[in-house]
Amino acid sequence: MTPSDIPPPTDFIREIIDDELRAGKRGGRVATRFPPEPNGYLHIGHAKSVCLNFGIAAQYGGTCNLRMDDTDPAGESLEYVESIINDVHWLGFDWADRLFYASDYFEQLYQFAVQLIKAGKAYVDSLSADEIREHRGTLTEPGRESPNRNRSIEESLDLFGRMRAGEFEDGAYVLRAKIDMASPNVVMRDPVIYRIKRVPHYRTGTQWVIYPMYDFAHCLSDSIERITHSICTLEFENNRPLYDWLVNELITGDRPRQIEFARLNVSYTILSKRRLIQLVEQGYVAGWDDPRMPTVAGMRRRGYTPEAIRDFCAKIGVAKNDNLVDIALLEACVRDDLNERAPRAMAVLRPLRVVIDNYPEGEAEEFESANHPQNPAMGMRKVPFSKVIYIEQEDFDENPPKKYKRLGPGREVRLRNAYVIRYESMKKDETTGEVVEVHCTYDPSTRNGPPADGRKVEGVIHWVSANHAVSAEVRLYDRLFQVPDPAGVADDFTNHLNPGSLEILPSAQIEPSLALAPPGAGYQFERLGYFCADLKDSVAGKPVFNRIAPLRDSWGKIAVQGKR
RNA sequence: UGGGGUGUCGUCAAGCGGUAAGACACGGGCCUUUGGAGCCCGCAUUCGGAGGUUCGAAUCCUCCCACCCCAGCCA
C-alpha cells in the first residue's frame with residue numbers, strides 16, 4: 001500500500017471536497033464511484049480515474065463503488081466485466097460488497113422516467129433520428145420544437161409503457177426530456193433519455209427493449225448509490241447542466257456533484273477505446289493483454305507492477321489542462337519500483353562464445369553472487385562458471401570506439417561477479433567475417449577482488465556459463481508508435497505503428513537460477529533492464545521473458561553522440 | 001459567427017496579491033565488480049499577448065490570441 005511518508009496528492013478536486021467539508025456539507029460524507037462501461041479493457045487512463053476515485057474515498061474515510069455503466073447492450077459483455085473487476089483489484093483497490101450495475105437499476109430508472117413524464121418534463125417523440133437531428137439546430141442556431149413536444153402526459157405515459165412492452169420497432173419512438181430547444185448548449189435541446197433497442201443485454205437478456213441513455217442513467221445511478229462526488233472527464237462538462245437538471249427534477253435531499261478533470265494522454269501510445277479495439281480486432285497486436293498495449297492487462301503481462309502504476313498516477317497529478325504525459329515518466333516509475341525490489345541475475349541476449357584458454361577443461365566452480373548489491377537482505381545465489389562462457393555480442397568489438405570500456409583486442413575486462421579476463425585471440429567465420437569465438441585467459445588472483453598487482457580494470461560485463469546456461473526466448477518490447485502523438489496525426493494512426501515494437505530473440509542464454517523464475521515476477525538482468533517471465537507463454541523448460549523496460553543507458557547516449 | 005473549458009520550464013504540475021515548488025527529460029561532475037543504482041550541481045529574471053489596478057500581479061480588472069470539447073436514439 002501507499003507508504004505513509006508520501007503526502008497524499010493534492011489537486012483541485014480534493015480542494016473542492018476540503019472546502020465542502022469545512023462548510024459542513026453532506027454531513028461530512030464522501031462517496032465516489034468508478035463507473036466503466038464494460039465494452040473494452042481498462043487502460044492506463046482508466047487507472048488514473050481508479051486511483052483518483054478510490055484514493056479520495058480512502059483519504060476521506062469514505063467509500064468508492066465499482067459500477068458497471070452498462071446501459072447500451074451493444075458491445076458490452078461479461079468478459080469485459082470480468083477483466084475490469086480483475087484489473088481494479090490487481091491495481092490494489094477494493095470495493096467490498098459495493099459492485100453495482102446500472103442495469104440493476106433499470107426498473108427504478110424506468111419509474112424515474114415515468115415520474116418525469118407525469119411532471120410534464122418529458123414526452124415521447126416519434127420523430128426519426130434524422131428528424132431529431134434536423135430539429136436540434138446547429139451550434140450557432142437554435143433548434144425547433146418537435147411537433148410531438150406537447151403531446152399529453154397521458155398519451156406519453158401510454159406510449160412509454162408500450163415502448164417498454166415491445167410494441168414498437170427500434171427507432172419508432174424515443175423519450176425526450178422537455179427542456180429548451182433554444183438553449184445555447186445543444187445538450188439541453190430536449191435530449192433523448194430512452195431509446196428502443198432490441199438487443200439482448202448480457203445481464204438482463206431480453207427483459208428490456210428500451211434502455212436509458214447515459215445522461216439519464218448516470219446521474220440517477222449516482223443518486224441511487226448516494227454518491228457525493230461524481231468525478232468524470234472533461235468532455236462531460238457540457239453535460240453537467242443536464243446532470244443537474246435531472247437530479248433537481250427527480251431527487252430530493254443531498255444531490256451528487258459532478259466534477260470534471262482532464263483525461264490522461266501518454267506519448268507514443270493511444271488511449272482511446274475505439275482505437276485500442278481496432279488494434280486488437282485488426283491484429284496489429286496479439287490481444288488486449290499484448291504487452292505493448294497501454295491496457296492494465298497488457299501492462300501487467302509486460303511486467304509493470306501495481307505500485308509503479310499507482311506511483312505514475314500520483315506523479316501526473318490531476319488538473320483540467322489537456323496533456324500528453326511523456327511515456328518516459330511511466331518507464332521511470334517502473335524502474336524506480338523494480339530497482340528496489342527486483343532480484344538481479346545475468347542473461348545474455350545475443351551470445352558470443354568465449355573460451356578461457358587457461359581454465360581447466362571439464363572443471364567448474366560457483367560464485368556466490370548478491371541478489372541485490374544494495375540490499376543484502378535479498379540474499380545470495382550461486383552462479384556457475386566454467387571454461388566456456390557466453391558474453392553479449394555488443395560487449396566485444398574488434399575495433400573499439402573511443403570510450404568503449406568492454407572487451408577487445410589487447411584489452412582486459414571484469415566478468416561481473418567473477419574473474420578478470422584478458423583477450424588473446426578470436427575466430428571469424430570465413431565467409432561472413434563475423435567474429436564467432438573469442439579466446440581469453442583469466443587472472444586467478446581476481447576471484448574476490450581487484451588484481452593483485454593493483455592494475456586498474458574499468459569495464460564490467462555480464463556473462464553466463466555455456467554448459468550451465470538455459471536457453472530462453474526473450475521478447476524485447478519498445479513503444480507501440482513511432483510518433484509522440486499518434487492520436488493527433490492527419491492520416492490513419494496505424495500508419496505510425498512502430499515496426500520495432502517487438503523483437504524476438506529465440507535463444508538467449510540465461511543463468512540457471514532464472515530457469516525457475518515464477519511468471520510475472522520482475523528481475524533485473526544486469527546491465528540490460530527489467531524482465532519477467534511471461535504470464536501466458538513461459539513454461540518450465542521453455543522460459544519466455546518479456547523486457548519490461550531497459551536500464552538507463554548512458555553508454556548508448558555516448559555512442560550515439562560519437563556517431564553524430 | 002453559439003455555448004462550455006484550458007493556457008506557468010521540452011513534458012506533467014505546484015502557486016490562491018508579497019516577489020516562480022517538485023517530478024520526468026536534458027546537461028555536467030563524484031562514486032561504482034551493473035556505462036545500473038546512489039550522490040552533487042545546473043536547468044522559467046519569468047508565467048499565451050497587450051493594457052490597467054496596486055508599494056507590490058502568474059495570482060485582481062479589461063481587451064485580444066491560441067488550443068480543446070459539444071450538433072449519437074455512444075459513454
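Residue numbering restarts at 1 for every chain, and letters A, B, ... go by the order of the sequence lines.
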Earlier contact from the 5' end, RNA chain B, for A:Asn448 and A:Asn323:
A:Asn323
Mind checking if A:Val174 touches a base, just sugar-phosphate, or nothing, with heavy atoms under 4.0 Å?
base
Touch check for A:Val199, heavy atoms < 4.0 angstrom, all strands: base, sugar-phosphate only, or nothing?
nothing
For A:Arg406, answer base if it contacts any base atom (sugar-phosphate contacts may also be present), sugar-phosphate if it contacts only those atoms, and nothing otherwise; contact means non-hydrogen atoms under 4.0 Å.
base
Of the nucleotides B:rG72, B:rC12, B:rG36, which one has an atom closest to the side chain of A:Arg136?
B:rG72
Can you check whether A:Tyr110 and A:Phe160 have ring centres sitting under 6.0 Å from each other?
yes
Would you mind classifying the nucleic acid contact of A:Thr71 as base, sugar-phosphate or nothing, using non-hydrogen atoms under 4.0 angstrom?
sugar-phosphate
Under 3.5 Å, is there an N or O donor on one side and an acceptor on the other linking the side chain of A:Asn238 and the base of B:rC69?
yes
Using only heavy-atom distances, decide whether a donor-acceptor pair under 3.5 angstrom links the side-chain of A:Arg527 to the base of B:rU34.
no
Nearest-nucleotide wise, let me know which of A:Lys273 and A:Asp553 is further upstream toward the 5' end of RNA chain B.
A:Asp553
Base, sugar-phosphate alone, or nothing: which one does A:Met213 contact when heavy atoms must sit under 4.0 Å apart?
sugar-phosphate
Quick test of the criterion, 5.5 Å between centres and less than 30° between planes. Is A:Trp555 stacked on B:rG35 or not?
yes
Between B:rG10 and B:rG72, how far apart are the two P atoms, rounded to whole Å?
39 Å
Is it the case that B:rC70 (base atoms only) and A:Glu235 (side chain only) share a donor and an acceptor within less than 3.5 Å, ignoring hydrogens and angles?
no
Looking at every strand, decide which applies to A:Tyr530 at a 4.0 Å heavy-atom threshold: base, sugar-phosphate, or nothing.
nothing
Using 30° and 60° as the class boundaries, would you call the ring planes of A:Tyr41 and A:Tyr80 parallel, tilted or perpendicular?
perpendicular
Taking any heavy-atom pair under 4.0 Å as a contact, classify A:Leu324: base, sugar-phosphate, or nothing.
sugar-phosphate
Could you tell me whether A:Glu37 contacts a base, only the sugar-phosphate backbone, or nothing, with contacts defined as non-hydrogen atoms closer than 4.0 Å?
sugar-phosphate
Check A:Tyr423, A:Tyr419, A:Trp463 against A:Tyr442 for a ring pair (Phe, Tyr, Trp, His ring centres under 6.0 Å) and give me the one that passes.
A:Tyr419
So, A:Asp443 and A:Arg422, do they make that salt bridge, N to O below 4.0 Å?
no
Which whole number of Å gives the distance between the C1' atom of B:rC61 and that of B:rC73?
46 Å
Does B:rC73 have OP1 or OP2 sitting under 4.0 Å from an N or O in the side chain of A:Ser128?
no
Taking only the P atom of each, what is the distance from B:rC16 to B:rA58 in whole angstrom?
12 Å
On a whole-Å scale, what distance lies between the C1' atoms belonging to B:rC31 and B:rC40?
11 Å
What's the gap between B:rU33 and B:rU19 when it is taken at their P atoms, as a whole Å value?
46 Å
Can you identify which nucleotide, out of B:rC24, B:rG36, B:rC70, has its nearest atom closest to the A:Ala332 side chain?
B:rC24
Indicate the atoms forming the closest heavy-atom contact of A:Ser230 with A:Arg33, along with that distance.
OG-NH1, 3.1 Å
